Amino acid sequence: MLEFYYLNFIMNKDIEKKWSLKWQKAKLYKNSAVKGEKFYCLDMFPYPSGSGLHVGHVEGYTASDILSRFKRMTGYQVIHPMGWDSFGLPAENYAIKTGVHPSKTVASAIANFSSQMENLGLEYDWDREVKTSSPEYYKWTQWLFLLLYKNGLAYKKKAKVNWCEKCSTVLANEQAETGFCERCGDQVIQKDLEQWFFKIVDFIEDQEFQKKKIKGLLSGLDDIDWPQPTKTAQKNWIGKSIGARVNFVVSDGQENYNLEVFTTRPDTLYGCTYMAINPEHELIQKFSSKIKNLAEVSKYIAEAKKKTEMEKMMAIKEKTGVELEGIFAINPLNNKEIKIFVADYVLSGYGSGAIMAVPAHDERDYLFAKKYNLEIIEVISGGDISQEAYTGDGRLINSDIINGLEVKEAQEKIIKYLLNNKIGQADINYRLRDWLISRQRYWGAPIPIIYCDKCGEVPVPEKDLPVVLPEDVNFLPTGESPLKHSKSFHKVNCPVCGKPARRENDTMDTFVCSSWYYFRYLDSQNSQIFAEKANISQSMPVDLYIGGADHSVMHLLYARFIAKVLEKYGYSDVNEPFQKLRHQGMILAEDGSKMSKSKGSVVNPNDVIAEYGADTLRLYEMFMGPLEDPKPWNTKNILGVKRFLDKIEEISSRVFLEKFDSNKYQDLILELNKSIKKVGEDIEELKFNTAISQLMILVNNFSQFEVIPKEYFQKLILILAPFAPFIAEELWDRIGNQFSVHQQNWPTYDENLLSSTQISLAVQINGKTKGVIKIAPDLSEEEVCRIVSGDEKLQKYFLNDYKKVVWVKNKIINFIF
RNA sequence: GCCGAUGUGGUGAAAUUGGCAAACACGCACGACUCAAAAUCGUGUACCGCAAGGUUUGUGGGUUCAAGUCCCACCAUCGGCACCA
């Protein structure tokens, strides 16, 4: 008993510290010496925040850690790196609040994160570590920018951007979705600014370049093993619409103007009864002198501009607009004059910013037409347009040349007609826009462009990279880029003519930094190139990428885009960077809601480690449920896995070496073999919860024996090792084995033993299970029938003859009466 | 509104992918050890019933010898998107 307490005492902290020091010294996880197939296991690298690792990080990182360890034990050369997504707004905002320079807060956060990771026993290869805010890293982020720039994929244009007054910065569409700044919650307004864009739209479809076929962002999705919802989210985000462009003539009776509109329903063109343009459309300027009610129109436009996203959302049911009196449009099919409205339900960034409205067959146009008493012409039969718009299929009516056709045929015929008469053509539109990458912020990678009075926009020569982020910057937001006022930063001469020039003030979106980091891991020290192509060929693609579902769209889409750019220009030969992707589900508070600071329901992994130890935390999080499901935290349940580990430790004191009679251990041997198989298979499929329950069953088996042969116990320790690396190492040591358990091979199991074991077969009468019989595997139907009819308990069911037997070998026998 | 996911005991969950529903844990109850408590160990624990037996995977229908699993309709919860013509 005394010994037992002693064991418990030295568990946890002491052994954890002891072994992690030893592991570090031994550089256990460097795989350079190992032969065998590569396995690239990638975690989404964290943003090193001041609050440290979250239990959600622990979940994903433990999962990849278990798999990496298992893969290494089964002979793979595992690449399992970690790094820091250390540029970005949070560090800068924190700096603004406290006055402490971001480089300092980031450095201490990284120190904290890495020590937490070490405490958790995560086996990263720290020689590969990258930090996006270090000049050695962002040099290559800038190089990447230049690669895109040189190939016409990075360009500058004036654009309406989402602007947050409080943060004094441009926000990506994704960061301003609600109409309020994602970071500070302030209202987002629209502002016209010169901005840098990456041409992501060019990579939506497949392309050919120098006889190479580059698969696009859409078709590439077919080749990868990702959660279907994530693929669908990407597809929807890209938002491909197939339709036609139609030429409308806009006129005031004298002067004509050609206006093309995009539609997915060219078949409904005869039902077009008005046209609507967005409030910023150039048509208004063009005809300003001809619009009779210009004052009213201007007022509407001004109001529309002021609308918050919130009000716009409310307006989904209540459409507004103003007719442009004095001008009209002509439907090119029937030359009918139709009214033109300015309406804010028409988006400026999509298509040409103008629509042909078909109230009978479009819900939005229907609402608008009802409100303003506009004509509604039914052109597709099948609905009741006195009640609502009909968007389904049917035969065309009131449509001259396409009357009687089905929707699909009508579309084809109309497109042909448009083309023949030069009034339109087939067209495709995407919801995805080019990627706005400039930020008027300090804590990011500077955009490597120089402006010269004489030579204009000049890219920084590659030899001058990195363009170092200056330290002498007042990073308090002023409405302009903080870099604008750094003297040292702008002390530069034009690389072309040598005259004094100025640098670009903007920095890059942090998503640019995180779009290529998985390449850098493969050659993190290289100062000549972002990553040697040979290294890339050898190690890419990533075999498993684990990270939160919150990155389903942005990060993953941008990373795929950049990978495709690198492939196109010959720097890599992978098209899809992440072969398999899995998300860890969100860990919720005990009551099933999101963990929140204000409610005080956030669980700090440090506390759990302090109380129960790292192995317990790892095991608990993996035992909670399926990796991908959202799961509520339950402090009580931690005890279950804690007891399980204590039990193993207790058993270890009963391990002995002497000769033994294996016949006494038949059941244990069988369970051990079963477990080696099942745990291995479950890890491979990321089903850690069931792997652990099998380990528990096995341990319960062990605990029934007074004395336990070392041979068996050490196999248990081996299959436990990926889950609970500290305790496994400690017990491996205690039973007298050489350091380290983490350098051993995964044990093998006896397939013959498993397949020759008796199985239990369900016996059903009329489809209901009435009993179970134990039989040898692979018995025939006749033999099983004989056994069943001889079975005492089942005999009573066989008073009459049965009509039919359903026999599924090794599974079930069903007698139908 | 649209898209997606989920729904199984008091709780977290499992179910070889159409073949014994509730494995493994938590909790609870009772018992052992203890002066006592904690810890630990043992037994029980889906529901109804003393039992034989019957019922049960959000609801209603269907396919099948057999449905938690497949099909149809509906309901609830969670997550994402926001007028993309």
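Each chain gets a letter, A, B and so on, in the order its sequence line appears, and its residues count up from 1. Values in this document were obtained by computation on a predicted structure and should not be read as measured data.
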In what stems does RNA chain B take part, counting only runs of at least 3 consecutive Watson-Crick or G-U pairs whose two distances fall under 3.5 Å?
B:1-7 with B:75-81, B:10-12 with B:24-26, B:27-32 with B:40-45, B:46-48 with B:53-55, B:58-62 with B:70-74

Given protein heavy atoms under 4.0 Å, the one-letter contact record of nucleotides 16-22 of chain B, with B base, S sugar-phosphate only and - none, is simply -S-BBS-

Only pairs at least two apart or in different chains count here, so list each side chain to side chain donor-acceptor pair (under 3.5 Å) that has a residue in residues 698-707 of chain A.
K647(A)-N700(A)

Tell me, which pairs form a salt bridge (charged side-chain N to carboxylate O under 4.0 Å, His left out) where one or both residues lie in residues 232-241 of chain A, sequence neighbours left out?
E205(A)-K240(A)

Per-nucleotide protein contact string for nucleotides 68-76 of chain B, where B marks a base within reach and S marks sugar-phosphate only (heavy atoms under 4.0 Å, - for neither)
---------

At under 4.0 Å between heavy atoms, which parts of nucleotides 2-8 of chain B does protein reach? Answer with one letter per nucleotide, 5' to 3': B base, S sugar-phosphate only, - none.
-SS----

Partners meeting side-chain hydrogen bond (donor to acceptor under 3.5 Å, both in side chains) with T690(A) (sequence neighbours left out):
D682(A)

Taken in chain and number order and not counting sequence neighbours, the residues that satisfy side-chain hydrogen bond (donor to acceptor under 3.5 Å, both in side chains) with E282(A) are Y257(A)

Output one line per pair: protein atom, nucleotide atom from nucleotides 23-30 of chain B, and distance, for all N/O pairs under 3.5 Å.
residue : atom : partner : partner atom : Å
rA25(B) : OP1  : N700(A) : ND2          : 2.6
rC26(B) : OP1  : R643(A) : NH1          : 2.5
rC26(B) : O4'  : N637(A) : OD1          : 3.0
rC26(B) : O2'  : N637(A) : OD1          : 2.7
rG27(B) : OP2  : R643(A) : NH1          : 3.4

For residues 615-626 of chain A, which residue pairs pass the salt bridge (charged side-chain N to carboxylate O under 4.0 Å, His left out) check, not counting sequence neighbours?
D65(A)-R618(A)

By ring pair (Phe, Tyr, Trp, His ring centres under 6.0 Å) - contacts of W226(A) (at least two apart):
none

Under the side-chain hydrogen bond (donor to acceptor under 3.5 Å, both in side chains) rule, collect the residues that match up with E628(A), sequence neighbours excluded.
R582(A)

